[in-house]
There are 2 protein chains.
Amino acid sequence: MQWNLDQLVCLLAAADSGSFSAAARRLGKAQSAVSTAIAHLELDLGLTLFDRRRHTPVLTAEGEAMVLEAREILRQCDQLDARANALASGEESRLTLAVDEALPYPPLMEALTVLAERWPALELSLLNGAQDDIPSWVADGTADLGVLFSQPTLPEALSVRQIARLSQTAIVAADHPLAGEREVRLSTLSRHRQLVVASPLGGTPLGGTTQGGHRPARLSPRVWQLNSYYAIAELVSQGIGWALVPEHIAAYPMYRSLVSRLSISDLPEPASVDVELVRRRAAGRGPIARWLESELSARLSR
Amino acid sequence: MQWNLDQLVCLLAAADSGSFSAAARRLGKAQSAVSTAIAHLELDLGLTLFDRRRHTPVLTAEGEAMVLEAREILRQCDQLDARANALASGEESRLTLAVDEALPYPPLMEALTVLAERWPALELSLLNGAQDDIPSWVADGTADLGVLFSQPTLPEALSVRQIARLSQTAIVAADHPLAGEREVRLSTLSRHRQLVVASPLGGTPLGGTTQGGHRPARLSPRVWQLNSYYAIAELVSQGIGWALVPEHIAAYPMYRSLVSRLSISDLPEPASVDVELVRRRAAGRGPIARWLESELSARLSR
DNA sequence: TAAAAGCCATCAGGAAATCAGATAGATCAT
DNA sequence: ATGATCTATCTGATTTCCTGATGGCTTTTA
């Protein structure tokens, strides 16, 4: 392989413009440069690319085949350049996304589908984890971005942004004494055990590193804490107590027939839980991360 | 785009071997050449491809992305070279094949399927034509190769090779007086009109350009000539006469229920028709044409 | 701990490729 | 027939590229 890219450029310019002189003008070179470039290319390839018997050279069949190959190579070169420019302007070449496994899947997967089309070369890693895993993965660099349900304590090194709010519903087991009621009052609920998400488990979230993020409402004096909405739904369906969970968890096929929704008559405002996006303060701010943030925010809010 | 292919080669060698020195040894260059090549590449791309803080350089994330792009480009370059070598050794870049429309399709299509896999870049043209079209297309350069049923007269400029022999069967209309007979004698057949393929139509094939190729057997004094087996089968099914046609024509779904096969008791040898491949004397002798010739011969003979 | 080995970046000088401009021969259009 | 345009080729100058040497740095070895 003796030839170089400039010779391929000359070949395409000559093929497109129909003469070596025109190609030279287009490329801003001397005609002799194009002429010798193509002559050398022909020597290197062992082919006659142009039929020079007429006034203006005309591509041979072999020449046309080479033009097709050359065009593909230069297209790839342009792609390399484009990718280099994108990377040079800060675009991520890899992105690791950590998401709470209890988040609604469809909007997440739709966003990733669009992502795959728009940045086909991106190496994406997707980590599914429980409530507590997400911030620790982001904090230790395992993940660049994390999406999780709002929780009261987060490492200081992380920055948080609320990106959506999911409405919640109260559920009990289908055979629970409360299941028959059309509406219940808080005072009624408080006589039964409440299951809430909490992280870190059993800790007293009052330390100096506490950030915003409201803690899950404790409406009953008898509380069990778990780190997973799935575990909560599981226990609720066993009749252990009641819980506030996001709508999509209550609607999940595995639980839908086992649990019963409760409407709480005297709740000051509709129950909801925030979805937050966390990143290390310094990182996770490339163009793809920013796009993904707004995309997830839009899709989760529908 | 300032960079060149040598720099990409250096990048890959360095990435693969883990150090610039090793890459230089592998490429048969000085270490400084590799070092400056990669340094220039980094300047051109605006990226840091290697992390040089340690003893041996290690690819950055951006570097890995560029390695993937570069590998693809060099793969394409190898492909261009391979194609150039093939073309230089006489391989066709285009091939136009003219076939008699009455040839059996399945073996033809199977051969073309294999052809498409084996020479993916070949530009193939397939012309379907009647008996007379094939040799004229090959003679005037419209086609490179022709496949047709043996016919007595061919232009002098064409060379012919028999590549298969298809057995024939006699057919009459299902409601023809002969249709009930289990076996017929030639003397019986000769009392009915025979339809034969002939080309050129109505000509007296005795001119100076006559070549080998036996003319279709005229077993009856009353003969109609047509240039297409399909037209013959059509007329036979109308009860116009009887004909010798290749087995697959008699088995063609459109005619199968309309015609009846006859077995001729006193035919000296089983009726058959030769399939021939024609080319201009000078042309049609590239590797692909030769492969196609043997492939068609094998598949048509099954 | 000290020496040795291996690696990289950089520099200088020479080899090689590339380029622009000029020229001559060929082809096309008028 | 003539002028315009094209290609191939030559020449000298510029640029690029390469090798070999050197020094600084890191890792391994003694």
Side-chain angles (χ1 to χ4, degrees), chain A residues 1-60 62-64 66-67 70 73-74 77 81, chain B residues 1-60 62-64 66-67 70 73-74 77 81:
Chain A
M1 197 171 76
Q2 306 257 33
W3 46 270
N4 59 40
L5 291 176
D6 283 331
Q7 290 169 348
L8 298 190
V9 171
C10 287
L11 169 62
L12 292 193
D16 289 341
S17 57
S19 89
F20 297 174
S21 300
R25 287 191 292 271
R26 174 190 299 191
L27 297 176
K29 295 185 169 191
Q31 170 262 326
S32 59
V34 175
S35 183
T36 58
I38 289 180
H40 286 165
L41 185 60
E42 287 181 315
L43 283 176
D44 290 339
L45 298 179
L47 294 175
T48 301
L49 301 176
F50 287 91
D51 180 353
R52 296 167 168 80
R53 285 174 302 184
R54 304 221 151 277
H55 185 45
T56 68
V58 43
L59 271 178
T60 62
E62 292 88 356
E64 286 187 25
M66 289 298 104
V67 162
I73 289 176
L74 293 182
C77 290
D81 263 347
Chain B
M1 197 171 77
Q2 305 257 32
W3 46 269
N4 59 41
L5 291 176
D6 283 330
Q7 291 168 348
L8 298 189
V9 171
C10 287
L11 168 62
L12 292 192
D16 290 341
S17 57
S19 88
F20 296 173
S21 300
R25 286 190 293 270
R26 175 190 298 190
L27 297 176
K29 294 184 169 189
Q31 170 261 325
S32 58
V34 175
S35 183
T36 58
I38 289 180
H40 286 164
L41 186 59
E42 287 180 316
L43 283 177
D44 290 340
L45 298 179
L47 294 175
T48 301
L49 300 176
F50 288 91
D51 180 354
R52 297 168 169 81
R53 284 174 303 183
R54 305 222 148 275
H55 185 46
T56 69
V58 43
L59 271 179
T60 61
E62 292 88 357
E64 286 188 25
M66 288 298 104
V67 163
I73 289 176
L74 293 182
C77 289
D81 263 347

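As a basis for the values below, the full set of heavy atoms in this structure was taken, side chains included, without hydrogen atoms, waters or symmetry mates. In what follows, chains are A, B, ... by sequence order, proteins preceding strands, each numbered from 1.
Spacing between atom CH2 of A:Trp3 and atom C1' of C:dA17 amounts to 18 Å, rounded to whole angstrom units. Separating the CG atom of B:Leu43 from the P atom of D:dT16 is a distance of 13 Å, rounded to the nearest angstrom. Nucleotide D:dT26 holds its P atom 13 Å from the CG atom of B:Asp51, rounded to whole Å. Atom NZ in B:Lys29 sits about 13 Å away from atom C1' in C:dA16, given to the nearest Å. The separation between B:Leu27 atom CG and D:dC17 atom C1' is 15 Å, rounded to whole Å. Whole-Å rounding puts the B:Gln31 CD to D:dT19 C1' distance at 11 Å.
If A:Arg54 and A:Gly28 are placed on DNA chain C by their nearest nucleotide, the residue sitting closer to the 5' end is A:Gly28.
No side-chain donor-acceptor contact under 3.5 Å links B:Ser35 to the backbone of B:Gln31.
Counting heavy atoms from C-beta outward, A:Glu42 and A:Thr48 have side chains that approach closer than 4.5 Å. Annotation: side chain of A:Asn4 is in contact with side chain of A:Gln7 (closest heavy-atom distance under 4.5 Å). Side-chain contact between A:Thr56 and A:Phe20 is absent, with no heavy-atom pair separated by less than 4.5 Å. Two residues are said to be in side-chain contact when any heavy atoms from C-beta on lie closer than 4.5 Å; B:Val67 and B:Asp16 fail this criterion. No side-chain heavy atom of A:Phe50 sits under 4.5 Å from any side-chain heavy atom of A:Val58. B:Asp51 has its side chain out of reach of B:Pro57: every pair of non-hydrogen atoms, C-beta onward, lies at least 4.5 Å apart.
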All N/O pairs under 3.5 Å across the protein-nucleotides 3-7 of chain C interface:
from	atom 1	to	atom 2	distance (Å)
C:dC7	O4'	B:His55	NE2	3.4

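Listed by residue number, B:Asn4 are the residues of residues 4-12 of chain B with a heavy-atom contact under 4.0 Å to DNA chain D.
In this structure, A:Ala33 reaches the sugar-phosphate backbone alone: every heavy-atom distance under 4.0 Å involves primed, P, OP1 or OP2 atoms, never a base.
Taking only side-chain atoms of B:Arg52, from C-beta outward, the nucleotide of D:dT9, D:dT19, C:dA9 with the closest atom is C:dA9.
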For B:Leu41 and B:Leu47, what are the C-alpha separation, side-chain angles and deciding distance, and is it a side chain to side chain contact (heavy atoms under 4.5 Å, CB included)?
-> CA-CA 8 Å; B:Leu41 186 59; B:Leu47 294 175; over 6 Å; no

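Of all heavy-atom pairs spanning B:Leu12 and B:Ala70, the tightest one is CD2-CB, 4.2 Å.
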